[in-house]
There are 2 protein chains.
Amino acid sequence: MSDRTDEARESGGESPPADSEQLLRLERQLCFVLHATSRAFDTLYRPVLAELGLTYPQYLVMLAVWEHGERSVKELGQSLRLDSGTLSPLLKRLEKAGFVRRERSPDDERSVVVHPTEEGIALRERAGDIPRRILSATGLDEQQLGELHSALNSVTSALDRAAEEIDRQD
Amino acid sequence: MSDRTDEARESGGESPPADSEQLLRLERQLCFVLHATSRAFDTLYRPVLAELGLTYPQYLVMLAVWEHGERSVKELGQSLRLDSGTLSPLLKRLEKAGFVRRERSPDDERSVVVHPTEEGIALRERAGDIPRRILSATGLDEQQLGELHSALNSVTSALDRAAEEIDRQD
DNA sequence: CACGATTTGGTTGTGCACAACCGACTGTTA
DNA sequence: TAACAGTCGGTTGTGCACAACCAAATCGTG
């Protein structure tokens, strides 16, 4: 296996070098499978959550709200990695469905606090068996689950660092 | 950003018996991190692909078209797990951008075949270094990459089987 | 041939996601 | 006090994703 770095091979180069082909294939497969996994999760959750009247991102928001009692839009955005352009209409739909209420904080009128309604709290009970159903669908035991979780976590933080690096260059 | 507040708060060394709370936490974290990883990939690709005038799903389509020379809409939908409601407008945008052409197959007038234009083929050269840039950003070596790939793959097929099972019950 | 079922892609409607921009509020400084 | 920069949500525009529905082409059987 030659390990030479291929640069300065540009205009007129008809076929890319072989290891570049290999890298392209690897990257392609990782993209594909990550997208596919994300879509598969969504497909599995969709009918289950439809019984509760929630979409998958709405479910993620409810999980955060259930756990913390109340959350500002800013906090939700940070932990779920969503910006206000996504959260604002989503929260309005959740409010319209009767699961949460949104109120300006008295302390800081810029901030909007989201907390569950009675109905939203009651929903938690009905959602109680979802984790078990989903986890059993993955076919993973607790250890494999943990490994996948930490693998994805480390990839994510690596990607975050890389994105910040690119950001810094501008 | 990159606050990582409530993640990894309680991933201590011990593993207590997996009660319902524990399961909920695991499920929550797996959902979150998968979504987060998907989003992080998207964020990293976005500026890189913007130089080429592509979005991430458009890039996936171009990868498939580059590899096979030409693909029907049906084939694209199968390999990328997208339906026509997503692909049709996406392919129109790619055609408008001048990267592909769409033509009814002479053999079967129902089928639409997508193939790259000259400009689309030329784009492949300009996209040549993307895999290396992305892969180095992940901070994974070839073996870790393969492990993650196969882990995601097995999860995806387990989820597919589970979804089919649910489907069959209706 | 005619009839009906299937395949294939397209359209419409709803919702998620981000970038770019805006307006209101807050804390600091002059 | 007035001016200012920074924070926080919201709005608009573009694109992805799916469900539900539709039209044309094809295939199968009588």
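By convention in this document, chain letters (A, B, ...) are assigned in the order of the sequence lines, proteins followed by strands, and residues within each chain are numbered from 1. Given the structure is predicted, the values throughout are model-derived calculations rather than measurements.
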Apply the test salt bridge (charged side-chain N to carboxylate O under 4.0 Å, His left out) to residues B/R102 and B/E95: give CA-CA distance (whole Å), side-chain angles for both, the deciding distance (0.1 Å), then the verdict. CA-CA 7 Å; B/R102 299 182 305 142; B/E95 187 173 39; 3.1 Å; yes

For [X] and [N], what is the distance between atoms [atom1] and [atom2] respectively, to the nearest whole Å?
{"X": "B/Y45", "N": "D/dG15", "atom1": "OH", "atom2": "C1'", "value": "18 Å"}
{"X": "A/R104", "N": "C/dG23", "atom1": "CZ", "atom2": "C1'", "value": "10 Å"}
{"X": "B/E75", "N": "C/dG9", "atom1": "CD", "atom2": "C1'", "value": "14 Å"}
{"X": "B/L91", "N": "C/dT11", "atom1": "CG", "atom2": "C1'", "value": "15 Å"}

Toward the 5' end of DNA chain D, which comes first, B/T55 or A/V112, by nearest nucleotide?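 The 5'-side residue here is A/V112.
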
Which residue lies toward the 5' end of DNA chain D, A/R46 or A/G85, if each is placed at its nearest nucleotide?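 Comparing both residues, the 5'-ward one is A/G85.
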
Using heavy-atom distances to pick each residue's nearest nucleotide on DNA chain C, tell me which of A/P106 and A/Y56 is more 5'.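 The residue mapped nearer the 5' terminus is A/Y56.
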
So which one's nearest nucleotide on DNA chain C is more toward 5', A/E109 or A/D83?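 So the residue in question is A/D83.
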
Is there a side-chain contact between [X] and the phosphate of [N], meaning an N or O under 4.0 Å from OP1 or OP2?
{"X": "A/R102", "N": "D/dG10", "value": "yes"}
{"X": "A/K92", "N": "C/dG15", "value": "no"}
{"X": "A/S111", "N": "D/dG9", "value": "yes"}

Do B/V100 and B/T117 come close enough that some side-chain heavy atom pair is under 4.5 Å?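 Not touching, per the 4.5 Å side-chain cut-off.
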
Using a 4.0 Å heavy-atom cut-off across all strands, classify [X] as base, sugar-phosphate, or nothing.
{"X": "B/L87", "answer": "nothing"}
{"X": "A/S84", "answer": "base"}
{"X": "A/S72", "answer": "sugar-phosphate"}
{"X": "A/D108", "answer": "sugar-phosphate"}

Taking a hydrophobic cluster as the set of Ile, Leu, Val, Met, Phe, Trp and Tyr residues connected by side-chain heavy atoms closer than 4.5 Å, whether directly or through intermediates, do B/L52 and B/L90 fall within one such cluster?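 B/L52 clusters together with B/L90.
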
Linked, directly or transitively: B/Y56 and B/L94 (ILVMFWY side chains, under 4.5 Å):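 Per the 4.5 Å side-chain linkage, B/Y56 and B/L94 are co-clustered.
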
Using the side-chain heavy atoms of B/T86, tell me which of these nucleotides is nearest: C/dG9, D/dA17, C/dC18.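 So the nucleotide nearest the side chain must be D/dA17.
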
Does the base of C/dT7 carry an N or O that pairs as donor and acceptor with the side chain of B/R110 under 3.5 Å?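 Indeed, a donor on one side and an acceptor on the other fall under 3.5 Å apart.
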
